[in-house]
**Student:** 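The following block contains the structure, expressed as structure tokens.
Scope of the values below: all heavy atoms of this structure, side chains included, with no hydrogens, waters or symmetry mates. No experiment lies behind these values; they were computed from the predicted model shown. Residue numbers start at 1 and run along the sequence shown.
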Amino acid sequence: MFKLDLPPDPKEVAAIEARRNREKERQSRIFNARTRVIGVDVEALNSQVEERRLREAAERSKEAAYGTNQVQYDLVAQMLEKEEAERTRRLAKKVQDFREQKQQLRNRCEFDLSDPDRFWNEFPACHNDSVPYYGLTSLQYLPGEDLDRAACLRMQQEQFRSSLERQLREQQLARIEEQRIEMLNDQLRLAMDTRAAQVAKLEESCRIAMMSAMANANKAQAAELAERQRREHKRKQDANFTEIQNQITGDLTKKHPIAQHSVTPQRVQSHCWKGITPEQRAAMKKAQEMQRLEKEAQRKAERAQNAEWEGQAVCLAQAAMELEEQERQLGAEFRRGLGSFNQQLAKEQSAQHNYLNSIIYTNEPTAQYYLQFNTSSR
């Protein structure tokens with residue numbers, strides 16, 4: 001009879017749904033045996049998770065540092081292996097050169113036992129037919145024949161080879177000297193660049209310090225100016241308020257507060273002023289003393305700032321002098337190294353010339369050798 005199709009209240013529906021959800025959460029907590037019997041410490045679990053995360057991050061950073069160190073060690077090991085291989089190659093080359101120069105097969109004591117031309121050397125060619133063990137038909141010597149041509153050719157080949165080896169050694173020494181000079185130049189440039197970077201870094205730090213000091217000083221001055229303006233504004237407001245208050249509640253007698261000017265307290269009204277009171281005299285002395293102290297503090301701050309600027313200038317000058325001294329030391333070391341290397345090279349060249357003049361070029365050809373050589377060439 002009174003049936004009405006009215007919509008439900010949204011607030012009531014939301015409250016019922018919230019109570020239903022809370023009941024479900026309560027039942028899930030109550031009927032969960034693990035949570036009810038054992039219990040779960042959420043904070044402890046979160047702390048364990050955080051500790052594990054920190055431990056894994058530390059292990060990753062340690063592995064990254066170990067990898068970086070391993071790469072550096074590998075580079076150093078490769079450089080050492082290259083140096084060892086180069087040292088082994090130079091030693092093997094020196095041994096091979098010594099064997100080729102000092103331990104030749106024909107210079108051995110037992111070479112005559114394994115000489116392939118031993119039988120030919122037992123019966124050497126003669127220059128005439130007067131040898132008793134050669135017959136008339138042996139034809140060991142013909143007119144115009146040069147029997148020493150093979151020895152002359154071998155000697156020429158030896159001279160050519162020694163000259164070629166000497167030129168190769170000189171070229172190699174020249175290349176080594178060029179490489180050494182380039183290395184020294186690179187080291188000098190690297191040292192100069194490093195020092196220039198250090199000086200630039202020092203200048204940048206000095207500039208940053210100066211800018212920071214200036215910024216701090218500007219901030220202090222701005223704060224002081226703002227504080228002074230605030231005090232001035234407050235003083236003016238107090239003076240205006242005092243003047244208004246005096247105008248409203250003051251009397252017209254000749255008292256001292258009435259003689260004081262309402263806007264500028266340091267001025268008085270001449271028609272009401274009757275002299276300086278002891279309190280005003282003490283206030284004037286106190287203000288003068290404060291002004292003197294402020295002036296002295298300002299002078300001390302200026303002196304401290306000037307001393308700081310002078311100290312920074314001295315530090316910059318010392319850094320520049322140290323840079324010039326290091327440059328001079330590097331130049332002197334480079335010149336000493338170059339001079340010592342030039343002396344060593346001059347000694348080696350002098351020893352080589354002495355060796356050639358005393359050992360190689362001792363047997364000078366005579367006129368008969370040139371005559372025979374011309375005859376054989378014809």
**Student:** Any pair with a residue in residues 201-215 that passes salt bridge (Lys or Arg N to Asp or Glu O under 4.0 Å), sequence neighbours left out, goes on the list, sorted by first then second residue, please.
**Tutor:**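 Output for this query lists Glu204-Arg207.
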
**Student:** Can you name the residues that form a side-chain hydrogen bond (donor to acceptor under 3.5 Å, both in side chains) with Glu51, not counting sequence neighbours?
**Tutor:**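 Checked Glu51 against side-chain hydrogen bond (donor to acceptor under 3.5 Å, both in side chains); zero matches.
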
**Student:** Who passes side-chain contact (heavy atoms from CB on, under 4.5 Å) against Glu178, sequence neighbours left out?
**Tutor:**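 Once residues adjacent in sequence are excluded, Glu178 has no partner under the side-chain contact (heavy atoms from CB on, under 4.5 Å) criterion.
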
**Student:** Listed by chain and number, what are the side-chain hydrogen bond (donor to acceptor under 3.5 Å, both in side chains) partners of Arg180, not counting sequence neighbours?
**Tutor:**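 side-chain hydrogen bond (donor to acceptor under 3.5 Å, both in side chains) list for Arg180, sorted by chain: empty.
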
**Student:** So Leu173 and Glu348, side chain to side chain contact (heavy atoms under 4.5 Å, CB included) or not? Walk me through it.
**Tutor:** CA-CA 10 Å; Leu173 291 174; Glu348 291 179 358; 3.9 Å; yes

**Student:** Not counting sequence neighbours, list each pair that qualifies as a salt bridge (Lys or Arg N to Asp or Glu O under 4.0 Å) and has a residue in residues 326-340.
**Tutor:**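 Listed by first then second residue: Glu325-Arg328.
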
**Student:** Does Glu232 have any salt bridge (charged side-chain N to carboxylate O under 4.0 Å, His left out) partners at least two apart in sequence or in another chain, and if so, which?
**Tutor:**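 Partners of Glu232 under the salt bridge (charged side-chain N to carboxylate O under 4.0 Å, His left out) test: Arg235.
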
**Student:** Among residues at least two apart in sequence or on other chains, which ones pass side-chain contact (heavy atoms from CB on, under 4.5 Å) with Leu225?
**Tutor:** Arg228, Gln229

**Student:** Looking at Lys82 and Glu86, is any side-chain nitrogen of the basic one under 4.0 Å from a carboxylate oxygen of the acidic one?
**Tutor:**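 No, this pair does not count.
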
**Student:** With a 4.0 Å cut-off on N to O distance, would you call Glu17 and Arg20 a salt bridge?
**Tutor:** yes

**Student:** What pairs meet the salt bridge (Lys or Arg N to Asp or Glu O under 4.0 Å) rule with one or both residues in residues 55-78, with sequence neighbours excluded?
**Tutor:**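 Salt bridge (Lys or Arg N to Asp or Glu O under 4.0 Å) check on residues 55-78 returns Arg52-Glu56.
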
**Student:** Run the side-chain contact (heavy atoms from CB on, under 4.5 Å) test against Lys219 and tell me which residues pass, sequence neighbours left out.
**Tutor:** none

**Student:** Mind checking side-chain contact (heavy atoms from CB on, under 4.5 Å) for Glu302 and listing every partner two or more places apart, or none if nothing turns up?
**Tutor:**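 Per chain and number, Glu302 pairs via side-chain contact (heavy atoms from CB on, under 4.5 Å) with Gln298.
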
**Student:** Could I get the full list of side-chain hydrogen bond (donor to acceptor under 3.5 Å, both in side chains) partners for Gln198, not counting sequence neighbours?
**Tutor:** Arg195

**Student:** Hydrophobic cluster mates of Leu75, side-chain heavy atoms under 4.5 angstrom, ILVMFWY only, any path?
**Tutor:**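 Val71, all in the cluster of Leu75.
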
